[in-house]
2 protein chains.
Amino acid sequence: MDVKTVCLGMLTDGPASGYDLKKQFESSFAHFFAAGYGSIYPALSSLSASGLVECEEVPQEGKPDRKVYEITDEGRQFLLKALENPSPCHKVRSEFLATMCFAHLMRPEDIQTVINNRLEDIARYQEMFRQFESEEMCDWPEGMKFVLGFGKAIAGTMQTYINENRHLLADEPSAKVATGQ
Amino acid sequence: MDVKTVCLGMLTDGPASGYDLKKQFESSFAHFFAAGYGSIYPALSSLSASGLVECEEVPQEGKPDRKVYEITDEGRQFLLKALENPSPCHKVRSEFLATMCFAHLMRPEDIQTVINNRLEDIARYQEMFRQFESEEMCDWPEGMKFVLGFGKAIAGTMQTYINENRHLLADEPSAKVATGQ
DNA sequence: TGCAGCATGTAATTTGTTACATGATTAA
DNA sequence: TTAATCATGTAACAAATTACATGCTGCA
């Protein structure tokens with residue numbers, strides 16, 4: 001499933017512009033599917049050319065026309081076919097873990113920095129999940145709740161694991177072992 | 001960090017062929033960094049052309065020459081520079097989660113199939129982690145243990161989360177609610 | 001007889017990323 | 001005045017996937 005198909009899926013929720021979809025990719029989808037304008041706009045053009053979506057251009061003052069895309073019946077059919085894949089993949093590409101594999105070649109302070117930055121990143125996701133929980137979540141489809149819950153669970157596990165095991169990689173400089181003083 | 005850099009890192013463990021590296025990508029690295037022959041061989045050629053590795057061709061009978069690559073001092077320096085990135089990314093690309101977002105458009109039995117297949121995939125990873133734990137693990141660098149433990153923790157959380165929340169997506173056909181029978 | 005494993009690679013294609021290009025509005 | 005938000009897109013580039021291409025050995 002590529003960006004095109006995910007955009008098509010997002011449009012089942014109602015008409016939207018490329019700009020709108022980008023916001024979804026930055027929020028609810030951010031933890032498992034990345035896409036920038038450079039892939040979203042071409043995706044929408046292509047979907048439009050294939051007749052899977054229709055585009056309505058809404059003129060605006062001082063801004064480019066807002067192009068609002070709406071899924072067609074053909075688009076719905078295409079999406080359903082795409083959703084029939086019985087084994088959709090789940091891929092991780094982690095430069096973080098790759099880096100940690102070679103931690104023994106790094107300076108301890110650099111390892112600490114990498115870990116702290118990762119924890120910050122995780123914290124940002126957790127903040128996002130918290131916001132979703134407090135807000136609109138009730139009227140979302142169950143699948144979306146499942147996916148958000150999934151992300152939250154994984155983020156929590158990562159955080160705990162890293163905190164409990166970072167000592168394996170490098171002892172913190174400030175962690176002076178009891179010196180009896 | 002691309003395939004090239006990871007190959008370079010793997011070679012710090014000792015000389016190896018493209019075929020050997022592929023086996024690592026299929027085992028200990030499989031849960032966070034994918035690479036096939038189509039990217040490994042070109043990566044090694046390129047590293048060799050840049051002088052970051054050296055290649056020794058070992059003739060064999062009935063097989064193509066085995067090309068054994070060894071990291072050079074220049075290669076080590078290059079790797080250390082690459083490891084200095086303070087914020088290496090950790091990206092997930094999940095067609096599985098994307099599919100689940102649109103579960104309300106799918107047939108319940110198809111949802112079950114997708115979930116069962118995902119659980120099988122997770123189980124395969126867990127089996128792999130178990131094998132590593134029983135074997136050679138002791139002489140591995142701490143970073144590698146950290147990374148394997150990370151994968152194991154995530155796999156466990158996924159499994160538990162999916163089992164505990166799959167009912168949100170579709171009630172199993174056989175799950176007849178207490179009939180008083 | 002057939003398949004898995006060993007062992008290498010190339011070429012075409014697909015996909016996505018990054019940088020570039022434009023430009024008005026609004027709040028700090 | 002400066003940054004963020006709104007709003008679109010293209011073109012060059014980078015990277016990885018897939019299919020293709022070869023061919024021996026050893027086991028079941």
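Quick caveat: nothing in here was measured; it's all calculated off a predicted structure. So you know, we letter chains A, B, ... as the sequences are listed, proteins then strands, and number each from 1.
Note: CD1 (Ile40(A)) to P (dA7(D)) measures 14 Å, nearest angstrom. The nearest whole Å value for the distance from the CG atom in Asp2(A) to the P atom in dA15(D) is 21 Å. Whole-Å rounding puts the Leu44(B) CG to dT10(C) C1' distance at 15 Å. Computed from coordinates, the Glu56(B) CD to dT8(C) P distance equals 13 Å when rounded to whole Å. If you take OH of Tyr37(B) and P of dA7(C), they are 9 Å apart, rounded to a whole angstrom. As a whole-Å value, the separation of Glu95(B) CD from dT17(D) P is 13 Å. Here dT17(C) presents its C1' atom at 13 Å from CZ of Arg93(A), a figure rounded to the nearest Å.
The backbone N or O of Tyr41(A) sits less than 3.5 Å from a side-chain atom of Ser45(A), completing a donor-acceptor pair. Between the side chain of Asp110(B) and the main chain of Met106(B), no donor-acceptor pair closer than 3.5 Å is present. Judged purely by atom type and a 3.5 angstrom limit, Glu142(B) has no side-chain atom pairing as donor or acceptor with the backbone of Leu169(A).
Geometrically, Arg66(B) does not engage Tyr19(B) in a cation-pi contact defined by less than 6.0 Å to the ring centre and at most 45° from the axis. Because its NZ or CZ atom is both nearer than 6.0 Å to the ring centre of Phe33(B) and within 45° of the ring axis, Arg93(A) counts as a cation-pi partner of that residue.
One finds a salt bridge joining Lys152(B) and Glu133(B) here, because a Lys/Arg side-chain nitrogen approaches an Asp/Glu carboxylate oxygen to under 4.0 Å.
Which of dT17(D), dC6(D), dA7(C) sits closest to the side chain of Arg66(B) comes down to dA7(C). In the set dT5(D), dA7(C), dG9(D), the nucleotide with an atom closest to the side chain of Tyr41(A) is dG9(D). You'll find that the side chain of Tyr19(A) is closest to dT5(D), out of dC6(C), dT17(C), dT5(D). Of the candidates dT8(D), dA16(D), dG16(C), dT8(D) carries the atom nearest the Lys67(A) side chain, counting heavy atoms from C-beta on. Taking only side-chain atoms of Pro42(A), from C-beta outward, the nucleotide of dA16(D), dT8(C), dT10(D) with the closest atom is dT10(D).
Among the atoms of the strands shown, only primed sugar atoms or phosphate atoms (P, OP1, OP2) are found under 4.0 Å from some heavy atom of Ser17(A).
Recorded end-axis angle for the helix from dT1(C)-dA28(D) to dA28(C)-dT1(D) stands at 40°, based on five pairs per end and rounded to 10 degrees.
The residue among Met1(A) and Val68(B) whose nearest nucleotide of DNA chain C is located toward the 5' end is Val68(B).
Side-chain atoms of Asn116(A) and Thr113(A) include no donor-acceptor pair closer than 3.5 Å. Residues Lys4(B) and Ser46(B) have side chains that bring a donor and an acceptor to within less than 3.5 angstrom of each other. With no hydrogens or angles considered, a side-chain donor-acceptor pair links Thr5(A) and Asp2(A) at under 3.5 Å.
Dashed line: the shortest gap from a side-chain N or O of Ser39(A) to OP1 or OP2 of dT17(C) is under 4.0 Å.
A heavy atom closer than 4.0 Å to some atom of DNA chain C occurs in no member of residues 20-36 of chain B.
A heavy-atom distance below 4.5 Å is not found between the side chains of Glu70(A) and Leu11(A).
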